[in-house]
Amino acid sequence: MTMDKTFDAGRVEREIYAAWEAAGAFAAGANARPGAEAFCIMIPPPNVTGSLHVGHAFNNTLQDILTRWHRMRGFDTLWQPGTDHAGIATQMVVERELAKTNRRRTNFSREDFVALVWEQKVRSRDNIKNQLKRLGASCDWSREAFTMSGAPGAPAGEEGNFHDAVLKVFVELYNRGLIFRGKRLVNWDPHFETAISDLEVENREVDGFMWHFKYPLAGGQTYEYVEKDAEGVVTLREERDYISIATTRPETMLGDGAVAVHPEDARYASIVGKLCEIPVGPKEHRRLIPIITDPYPDPEFGSGAVKITGAHDANDYTVAKRGNIPMYRLMDTKGHMRDDGKPYVDCSQRARKIAEGDDYTEAEVDLLNLVPDDLRGLYRFEARKRVIDQITSEGLAVTILNPDYDPEGDAPDMIPLVEAKKIMQPFGDRSKVVIEPMLTDQWFVDAEKLAREALAAVEDGRTKILPEQHKKVYFNWLREIEPWCISRQLWWGHQVPVWYGPHMINHADHPLCDRFSIHQHTKNPQVPESTKTGGYDWECAVTEEEAVSWFTQIWGAPVQVAPSEEAFLVEFNRLQKGEIDYVPIFRDEAVLDTWFSSALWPFGTLGWPEETEELARYYPTSVLITGFDIIFFWVARMMMMGTQFMTDADGAPQVPFHTVYVHALVRDAKGQKMSKSLGNVLDPLELVDAFGADALRFTLASMAVMGRDLKLSTSRIAGYRNFVTKLWNAARFAEMNGARGWTGDGLPEAHETLNRWIIGETARARAACDAGLAAFRFNDAANGLYAFVWGRVCDWYLELAKPLLAEGHPARAETQAVLGWVIDQCLILLHPFMPFVTEAIWGQSGARTKMIVHADWPEFDAQSPEADAEIGWVVGLIEEIRSVRAEMSVAPSAQIPLLIVQAGEEETARLDRHAALIGRLGRVPQMTRIAAAPKGAVTLTAPGATLCLPLEGLVDIAAEEARLVKSLGKVDKELKGLTAKLGNATFLAKAPEDVVAENRERLAEAEGEASRLRGALARLAEMG
RNA sequence: GGGCGGAUAGCUCAGUUGGUAGAGCGCUUCGUUUACACCGAAGAUGCCGGGGGUUCGAGUCCCUCUCCGCCCACCA
């Protein structure tokens, strides 16, 4: 069969992939040598939100290269594929889809909605899988995993036990005291109406304003306000009946619990402990709040006085916690000012009592709605405007002189002080809306404790992070880690395995009473008002049965699970009225942060919590290949969970991977980050269609420099598409010359210098490729192979071999064998990078016992220094001849003899041995010995020989002179440098011997070269 | 406010213990030599961001400055 002129990637890629799958080529352990070491990569599971972008193509190409490389080397190899349920992101996709037909999530029951998301999951998963296959990813698809497999509601075909693993981990951590529930200030996303973790918040600088308002002192009191400059000179002294406050968020003033000043701020010392009035809301019952001291306010900033709104600001929260300042929740889950039907509360008396040390429970405080009627239901930013207007109209805004004031005009002399200011504002990374700090009950992981082992593992090298600069980032984050908020108010995800029931008061004699003591509760715990603030008893259990039996035991009565908290409250009401005879309980409606389950990926995919054979074989995994953007989200969490749950035979924690290779980002044409939500993603399939998967893969590999972002350009991909064609044609050439695949053992026999040379070159290329891959220097490996295949094999070996392949040449058989072998080596070495074309060629040439996907990776070495020297000399001579011909504008068709004026013994032998190919490639069919260079001959640069081309009449003398002068200039410059260097005593004394020797050699060569050039110039002068 | 990365040929970028500045693309000239025009041959192009230092020797190490990019961070 004859090969086509070009490789038709589009036609054969699918066939080849299907053949690999049919052969089970990617199965765990396929092609493993007996007793082989394991090599395992866990795919970073793509989100089931849609399709893959080029970043995924990059990431998976690198994984596939390593996987195929190890598989060919006989390792017990597993590349574990799968996808991530990506809670918030996937739910968002489905909700967006519903919105197109004017429907919302709440038009469905939770169950029905989740079923819709499963449909999305299946669609997306199929799509992703197809894309990975198009790329040539050699995953073991029979083991495909999903972070929510086996969860309730999973359709047929989505079985698995990942859900079990997640619940087990949650319950275990809970029992170990590493998961806790608490009312804390969390990042609240008003769009999705859920809490999110710190990591899911993007802080961006935006244009904002800072308003300055007067908080009047209670009862019209006054004090002397004195300002001094740095030298202590009084710059302002006035009588004030207010304290000035600066804020960027006036709408939160309604929830202020205090005004704080620095303890050493002399300006306010006289009013500390007094009360001031929040200047907003109905005048008749405005709230009074205390002026307190706290180290937090910076006296140099603003007025030095800070309003403390514990429920809506992270800084204020810590101050409020510290100072026992009440925190008043002002907004609902959508970011609207609370409108819950409760009357506006006159809190001034309460505030006074609190200032005097009388405490209220959080639950009670949370029930207070401090939003005045006219602001209720308004979106937070609308409320802000109203508050500003109201304060300003009352004259309680701090004012400054109007710079535009004109006594003749209408402009007022004083205007409110509003500073335009850049402020850092938090945004949801998915929703892109402004995050609202909110006080809510959430579940947290005690990340600090989990981080200890994760840190230690990297510190002591059990897990290596490459490139190393990322280690620092990892350390910094883990060392200052905060509790991880893991509950999400979503429907898509692993539901928190905790069940709540009414709180029992008289339980002191109950055998399980110790489990009650940790609960916070209201003063009237029998009435759990719908605040989700506690007041419940709860049980954390892997199954509902366990939870039910626990509550049954507590109550000594039948227990029924209500579908939601809302339903529970209805039933509880009926219970109190004696209408039902069972105790209602309900399951926590929140789901877990998607990263909580992703964190279990390295062992959850291997069957944990069951003790599977795969777990024993492949954990800890070998390498994780991932982007730096998820070091915190994912890598750190896997390290935490892995070291927490996986142990070796001695009980020591086992890390999830030996090496983490952090690759850079693939950016779009503008160098911008690609993101699913921004929609600027490139479709790798389009690139595959246009250039073939091999070209795309090779491009990505060749650009995979550690730690540096890459910008993908199609011209580069086209270049590697050409490389695919080049390889294809080299193989075609071999086939046409009767060089089939190498079937023998070991290396082919080679006596010809040329053949020994290319075998040595191949060995070096192999070693360089191995070294590159072993060091994760994909670019070095790829570029080295490119240079070898194109620059060595195609440019030189094939050309030089042509004479030897001529019919009847004594070395024909040997050369055919070596050529066949060399092509095979190229295919094998390139296979991890370009699996399709290499498999296609492999299948066409020679009798194969197995596919290249399982071909043996070479390990030979076979250097031949004298062959290298000889071929190097010949190549140099040919290049010199071509160069001279081109520069002298000799017609390509002109056949010229090569004149040998003088040549050493070795050089003479080389000229003899390679006369045919020098003649062919240099277009110098005859070699003639001659005593002296004739007139008009151009001297060639050839070490150890004086050779020239008789170009009399063909030569443009001026051009030749220019050429010689230019060359001489270069050589002279080098000579000068070398002479100076070798004349330097300290250089000779301090530089290593080999460096000195090398310089001497270079000097000798340069001197020879210079004298040859001078001689040629002299001859030229005679001619002229 | 901390931390990290980058500045090398027109463009995109390599350059791993300091020892003759490289690749791809682009550009110029030439080419129907039977593997390949997705090709071949030849060629041009660099104060390796500025300044200082260490060294026999610095693109490479140290200090400093300038300009980009990114990450983290609670200044109202």
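The structure displayed is predicted, hence computed values, not measured ones. A, B, ... follow the sequence lines: proteins, then strands. Residue 1 opens every chain.
Across every strand in view, B:G1 sits in a pair with B:C72 that passes the Watson-Crick or G-U test at under 3.5 angstrom. Checking B:G40 for Watson-Crick or G-U wobble geometry (two distances, each under 3.5 Å) identifies B:C30 as its partner. Nucleotide B:A7: paired with B:U66 (Watson-Crick or G-U wobble, both distances less than 3.5 Å). Searching all strands for a Watson-Crick or G-U wobble partner of B:G57 with both distances below 3.5 Å returns nothing. Under the Watson-Crick or G-U wobble criterion, with both distances below 3.5 Å, B:U12 is paired with B:A23.
Distance from the side chain of A:Ala886 is smallest for B:A42 among the nucleotides B:C75, B:A42, B:G19. In this structure, of B:A76, B:C4, B:G15, it is B:G15 that holds the atom nearest to the side chain of A:Val705. Which of B:C72, B:G3, B:A35 sits closest to the side chain of A:Asn476 comes down to B:G3. Here B:A35 is the nucleotide among B:A35, B:A42, B:A14 with the atom lying nearest to any side-chain atom of A:Met736. Counting only heavy atoms from C-beta on, A:Lys711 has its side chain closest to B:U12 among B:U16, B:U12, B:A35. In the set B:G40, B:C75, B:C36, the nucleotide with an atom closest to the side chain of A:Asn729 is B:C36. Ranking B:G40, B:G19, B:C75 by closeness to the A:Ala991 side chain, first place goes to B:G19. Comparing B:A42, B:A35, B:C36 by their closest approach to the side chain of A:Thr725 singles out B:C36. Comparing B:U55, B:U33, B:A76 by their nearest atom to the side chain of A:Lys990 picks out B:U55. When the nucleotides B:C56, B:A76, B:C38 are ranked by their closest atom to the side chain of A:Thr247, B:A76 comes out on top.
Between the side chain of A:Asn203 and the main chain of A:Met424, no donor-acceptor pair closer than 3.5 Å is present. Judged by distance alone, with hydrogens and angles left aside, the side-chain atoms of A:Arg1002 form no donor-acceptor pair with the main-chain N or O of A:Glu974 at under 3.5 Å. Looking only at distances, no side-chain donor or acceptor of A:His470 sits under 3.5 Å from a matching main-chain atom of A:Val662. In this structure, A:Ser303 contributes its side chain and A:Ser244 its backbone to a donor-acceptor pair below 3.5 Å.
In this model, the phosphate group of B:C74 is not approached by any side-chain N or O of A:Thr318 to a distance below 4.0 Å at OP1 or OP2. OP1 or OP2 of B:C4 sits under 4.0 Å from a side-chain N or O of A:Lys472. Proximity of A:Lys802 to the phosphate of B:A35: a side-chain N or O atom is located under 4.0 Å from OP1 or OP2.
Taking only distance into account, the side chain of A:Glu799 meets the base of B:A35 through a donor-acceptor pair shorter than 3.5 Å. The base of B:C36 lies close enough to the side chain of A:Lys726 for a donor and an acceptor atom to sit less than 3.5 Å apart. Under 3.5 Å, the side chain of A:Arg716 and the base of B:C25 form no donor-acceptor pair of N or O atoms.
Residue A:Phe632 forms a ring pair (Phe, Tyr, Trp, His ring centres under 6.0 Å) with just one option from A:Trp477, A:Tyr474, A:Phe475, and that option is A:Trp477.
Residue pairs satisfying the side-chain hydrogen bond (donor to acceptor under 3.5 Å, both in side chains) criterion with at least one member in residues 793-805 of chain A, sequence neighbours excluded, are listed as follows: A:Asn755-A:Tyr797, A:Glu799-A:Lys802.
Taking atom C1' on both B:G18 and B:C56, the two are 12 Å apart, rounded to the nearest angstrom.
Here the P atom of nucleotide B:C11 and the CE atom of A:Met703 are 16 Å apart, to the nearest Å. Regarding A:Asn999, its CG atom lies at a distance of 12 Å from the P atom of B:G19, rounded to whole Å.
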